[in-house]
Amino acid sequence: QAQLVESGGGLVHPGGSLRLSCAASGRSNSMPVMEWHRQSPGKQRELVARILSGGSTNYADSVKGRFTISRDNAKNTMYLQMNSLKPEDTADYLCHARTRFVGGTEYWGKGTLVTVSS
């Protein structure tokens, strides 16, 4: 019912910044849970950040102090501001959303690639 489309990935030097966006469409009004995950070849997918409809947030220890997650409920859009990027941040970043806090339906975007390299 819902669609998620990421944008904003690219190549950046260590120490640089990027801002990712995830636009939700279809039956996506007020998704209670929206998240950013990342995955690299040969590594398990990990949760990077989470934001609830009320505005509360959670971050992986590896990105605390460097990344900031936010959302604009009027635009059905979620953002991830990434600062002080490191080579180990290189990954495919995927948008994820759930229609309920418990149960319901989950949706995934196709991902946007972030490469941090000299």
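Worth saying up front: this structure is predicted, and the values here are computed from it rather than measured.
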Measuring from atom [atom1] of [X] to atom [atom2] of [Y], what distance do you get when rounded to the nearest 0.5 angstrom?
{"X": "Q39", "Y": "Q44", "atom1": "CD", "atom2": "CD", "value": "9.0 Å"}
{"X": "R50", "Y": "M78", "atom1": "CZ", "atom2": "CE", "value": "11.5 Å"}
{"X": "I69", "Y": "N58", "atom1": "CD1", "atom2": "CG", "value": "9.0 Å"}
{"X": "Y107", "Y": "L4", "atom1": "OH", "atom2": "CG", "value": "9.0 Å"}
{"X": "R19", "Y": "M82", "atom1": "CZ", "atom2": "CE", "value": "11.5 Å"}
{"X": "D72", "Y": "Y79", "atom1": "CG", "atom2": "OH", "value": "5.0 Å"}

Handout entry: side chain to side chain donor-acceptor pair (under 3.5 Å) pairs, two or more places apart, involving residues 91-105
Key = E35-H96, E35-R98, R38-Y93, H96-E106
Handout entry: K64 and D61: CA distance, side-chain angles, deciding distance, salt bridge (Lys or Arg N to Asp or Glu O under 4.0 Å) verdict
Key = CA-CA 5 Å; K64 286 182 179 178; D61 288 341; 3.1 Å; yes
[X] side-chain N/O to [Y] backbone N/O, donor-acceptor pair under 3.5 Å:
{"X": "S40", "Y": "T90", "value": "yes"}
{"X": "E6", "Y": "C22", "value": "no"}
{"X": "R66", "Y": "S84", "value": "yes"}

Fill in the blank from the handout: On a heavy-atom basis, the closest approach of G9 and L20 is N-CD2, 3.6 Å
Problem - Heavy-atom closest contact (S117 atom, H13 atom, distance) - result: O-CD2, 3.2 Å
Measure the shortest side-chain to side-chain distance between [X] and [Y] over non-hydrogen atoms and say whether it is less than 4.5 angstrom.
{"X": "W36", "Y": "C95", "value": "yes"}
{"X": "F67", "Y": "L85", "value": "yes"}
{"X": "T68", "Y": "L80", "value": "no"}

Practice task
Please check if V48 and Y59 belong to a single hydrophobic cluster, counting links between Ile, Leu, Val, Met, Phe, Trp and Tyr side chain heavy atoms closer than 4.5 Å.
Solution key: yes
Practice task
Give the cluster check for V63 versus V116: same hydrophobic cluster or not, with ILVMFWY residues linked at side-chain heavy-atom distances below 4.5 Å.
Solution key: yes
